[in-house]
Amino acid sequence: MRAAPILILQHPKLDIDRRFGLKSPAMKSASALRRLEIPGIAVFEPGEGDLPRLAVRSTLAEAHIYLHGAHVAHFQPRGKDSVLFMSQRSLFAADKPIRGGVPLIFPWFGPRANHPESPAHGFARTAEWQIESLTEDGDGVVTAAFELTADDRTRALWPFDFKLSYRVAIGRTLTLTFEVENIGSEPFTFEDALHTYFTVADVRQTATSGLENAEYVDKTDKLQRKTQGPEPIRITSETDRVFESTRTTCILDDPGMHRKITVEKSGSQTTVVWNPWIAKAAALADFGDDEWPKMLCIETCNAGANALTLAPGKTHSTRAVISVS
Ligand SMILES: O=P(O)(O)OC[C@H]1O[C@@H](O)[C@H](O)[C@@H](O)[C@@H]1O
């Protein structure tokens, strides 16, 4: 049974002001978080590693979202199986990414060109985001809105002024809307990704359609450009494909779980399909050696040749809508 929110927020590790030394001075206090709650439906609680997370339990679905990275770590429509894969070996620490769920990637994708010292996949996934609002609409869809703005720590890594807004709408479907606004005085170029990890029964039995005949950069084979065949993608070895200039919907057919996961998107020109397979899984410290058959990433991105340049005052929106049938 879930403890009452007031007790949860008295948990010593949820004393957010004291705990997150690195965090933005604007980080909300525990009492400010409590004022945002929708009692019985959307409350804050200590999550794994005692990192604070929002727990949503509505008539439509359950979800967990960590303030760390604004990271969606769980989504399960009522009466259905859990949709997102989470590694049993994931770290939950203030300076480390979470392995699984939906890492939010910004402002570069993968290793940063010419900056080997920079963290892979940017800094948004390890930043402490602020939650701005929690609302429930007449249909029971709960929306959490998060924000992250440039500060000294982000400027030390990437010298631009930005405002990021992330809205997570939890209903029968999961709708992720990521907005980047240039609030500085010069243009900047960025990459982004909604790096969704999906749970599957056995990745070798899945078929992913929507990218037939598309070109991709093969990150497992010296970045060679290749063309996908006319059939859905079958995973038969390490797979790390960057499909540039594609806006299509992908459907992950998982006969083992008797379901199809659909990823519909807008504002995204790149789709990445990733499974580490045996050797890469063994090499990843925060991923179980035997977990690779249980997941597939289908990522909604703007990356590589599709990096975006935003003029001052402009906003870009990347959206993924995830549904299960
Ligand atoms: O281990 P990380 O930094 O979370 O990255 C996981 C994978 O993320 C994918 O998006 C990349 O295409 C892969 O190359 C990468 O290995």
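We count ligands from 1, going down the list as the structure has it; atoms in each ligand are counted the same way.
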For ligand 1, which part of Glu238 has a heavy atom less than 4.0 Å away: the side chain, the backbone, both, or neither?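 None of Glu238 does.
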Measuring from the heavy atoms of Phe287, does anything fall under 4.0 Å of ligand 1?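 It does not; every heavy atom stays at 4.0 Å or beyond.
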Mark the output for Arg125 as yes if a heavy-atom distance to ligand 1 is under 4.0 Å, and as no if none is. yes
Aromatic rings [X] and [Y]: how do their planes relate, parallel, tilted or perpendicular, breaks at 30° and 60°?
| X | Y | value |
| --- | --- | --- |
| Phe123 | Phe106 | perpendicular |
| Trp274 | Tyr197 | perpendicular |
| Tyr166 | Phe178 | perpendicular |

For a quick test of reading the model, state the closest non-hydrogen atom pair linking Ile98 to Met86 and the distance between them.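 Shortest heavy-atom separation between Ile98 and Met86 comes out as CG2-CE, 3.6 Å.
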Using the benzene-type ring in the case of Trp, are the ring centres of Phe160 and Phe190 under 6.0 Å apart?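 No, they do not, as the ring centres are separated by 6.0 Å or more.
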Identify the closest protein heavy atom to [atom]: which residue and atom is it, and at what distance?
| atom | result |
| --- | --- |
| atom 5 (O) of ligand 1 | His121 NE2, 3.4 Å |
| atom 1 (O) of ligand 1 | Arg99 NH2, 3.0 Å |
| atom 9 (C) of ligand 1 | His195 NE2, 3.4 Å |
| atom 10 (O) of ligand 1 | Glu299 OE1, 2.7 Å |
| atom 14 (O) of ligand 1 | Asp240 OD2, 2.5 Å |

Lys163 vs Glu132, salt bridge (charged side-chain N to carboxylate O under 4.0 Å, His left out): CA-CA, chis, key distance, verdict: CA-CA 13 Å; Lys163 178 172 150 196; Glu132 292 300 313; over 6 Å; no
SB check Arg153 Glu128 (cutoff 4.0 Å):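 Result for this pair is no, no salt bridge flagged.
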Give yes if a backbone or side-chain nitrogen or oxygen of Lys280 is under 3.5 Å from a nitrogen or oxygen of ligand 1, and no if not.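 It does: an N or O of Lys280 is found under 3.5 Å from an N or O of ligand 1.
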